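These notes concern the structure reproduced below.
It should be emphasised that the depicted structure is a prediction, and the values quoted were computed from it without experimental measurement.
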Amino acid sequence: MEIESSPSTSSSALYSSDQYHVPHKWLEVQDSLKKKLVTEDDYTWKLGETGEGCGVELLKYIGGVDISFSKDDPSVACGTLVVLDFKTLDVVYEDSSIVTIDVPYVPGFLGFREAPIFLKLLEKMQNGSHPFYPQLLMIDGNGILHPRGFGSACHLGVLANLPTIGIGKNLHHVDGLTNSKVRELFEADENYNIDFIYLIGDSGNTLGAALHSSKGSFKPIFVSIGHRVSLASAVEVVRRTCNYRVPEPIRQADIRSREYLRKHH
DNA sequence: GCGACAG
DNA sequence: ATCTTGTCGC
């Protein structure tokens, strides 16, 4: 007869520390959603730039999402969805919502905590048949650059059935990838004036790319595919939305969510 | 054995 | 994520 395991003994030994507890079914749900993941370009529009205006549908509305948390009450947060014009990078839509979050942050399960909030914002827009509903979404968090290949960008992409790109501002150490390894790769290629390197794990899989996205930034951002987009397209889109280190859709969502929270709380 | 740990 | 001052540069 099995003895009931103690609460500190999580079903997945992601980390040797018992600092985090993985709620029941999260691994199963993640695995189930992962089966619906599409890792290639799956959309009808083009990125434009060359020979546009020939009747082809172009990428115009690109979304960004982020969440800011209250310093006083960690359960109070503000989720924000912005939509930018891909060409001009002007914000053409913004919606923010103050919410209370009871779902804990567990490394490797960020989607469970944040995706529901973004889904609500997207549904609100979709239900109103808003003309600026995003064709593609950028998420503050990783895509397949993740311990089980299913980060929050994949999570939201599958649930929203939208092409998504994951943006990490810090490296999630996965498959043998480390910051020093990334530094080495950049230094090895620096002679060729290359501003990005592919993140290839010990498994041999390409999990994403590290990109020096703006001129004055030595610290890279970490791009990985979420859903229905190829890595090449993802990097291209990210490149073209970076006025600063952080791509504009995410940067605007970040700024505006923090501002909204400050005003309404 | 210790410690790592997207947001 | 959030806690935080000054400081360097355009």
To the nearest Å, give me how far apart [atom1] ([X]) and [atom2] ([N]) are.
X: A:Tyr105; N: C:dA1; atom1: OH; atom2: P; result: 10 Å
X: A:Phe222; N: B:dG7; atom1: CZ; atom2: P; result: 9 Å
X: A:Lys169; N: C:dA1; atom1: NZ; atom2: P; result: 5 Å
X: A:Asp73; N: C:dA1; atom1: CG; atom2: P; result: 18 Å
X: A:Ile250; N: C:dA1; atom1: CD1; atom2: P; result: 11 Å
X: A:Phe118; N: B:dG7; atom1: CZ; atom2: P; result: 12 Å
X: A:Lys71; N: C:dT4; atom1: NZ; atom2: P; result: 7 Å
X: A:Phe109; N: B:dA6; atom1: CZ; atom2: C1'; result: 13 Å

When you check the phosphate oxygens OP1 and OP2 of [N], does a side-chain N or O of [X] lie under 4.0 Å from one of them?
X: A:His173; N: B:dC5; value: yes
X: A:Arg258; N: C:dT2; value: yes
X: A:Asn142; N: B:dG7; value: no
X: A:Tyr20; N: B:dC5; value: no

Checklist entry - Between C:dT2, B:dC5, B:dG7, which one does the side chain of A:Arg113 approach most closely? => result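 Shortest atom-to-atom distance from the side chain points to B:dG7.
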
Item to check | A:Leu110, nearest nucleotide to its side chain (from B:dG7, B:dC5, C:dT2) | outcome: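 Of B:dG7, B:dC5, C:dT2, B:dG7 is nearest to the side chain of A:Leu110.
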
Next on the checklist: With side chain to side chain contact (heavy atoms under 4.5 Å, CB included) as the test, pick out the partner of A:Pro247 among A:Ile165, A:Leu84, A:Val238.
Outcome noted: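 For A:Pro247, the side chain to side chain contact (heavy atoms under 4.5 Å, CB included) check succeeds only for A:Val238.
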
Item to check | A:Glu259, A:His265, A:His264 screened by side-chain hydrogen bond (donor to acceptor under 3.5 Å, both in side chains) with A:Arg262, the one that passes | outcome: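 The residue from A:Glu259, A:His265, A:His264 that satisfies side-chain hydrogen bond (donor to acceptor under 3.5 Å, both in side chains) with A:Arg262 turns out to be A:Glu259.
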
Next on the checklist: Using a 4.0 Å heavy-atom cut-off, does A:Gly168 contact any base of the nucleic acid, only the sugar-phosphate backbone, or nothing at all?
Outcome noted: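 Sugar-phosphate, no base atom in range.
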
Checklist entry - What does A:Ser152 touch in the nucleic acid at a heavy-atom separation under 4.0 angstrom: a base, only the sugar-phosphate, or nothing? => result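 Base: the residue A:Ser152, judged by heavy atoms under 4.0 Å, touches a nucleobase.
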
Next on the checklist: Ignoring hydrogens and geometry beyond distance, is a side-chain donor-acceptor pair present between A:Glu248 and A:Thr241 at under 3.5 Å?
Outcome noted: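 No donor-acceptor contact under 3.5 Å links the two side chains.
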
Item to check | pair A:Pro134-A:Met125: side-chain heavy atoms closer than 4.5 Å | outcome: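 A:Pro134 vs A:Met125: side chains touch.
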
Checklist entry - More than 12 heavy atoms of other residues, nucleotides or ligands under 6.0 Å from OH of A:Tyr43: is that the case? => result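 Yes, OH of A:Tyr43 has more than 12 neighbouring heavy atoms, counting only those of other groups under 6.0 Å.
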
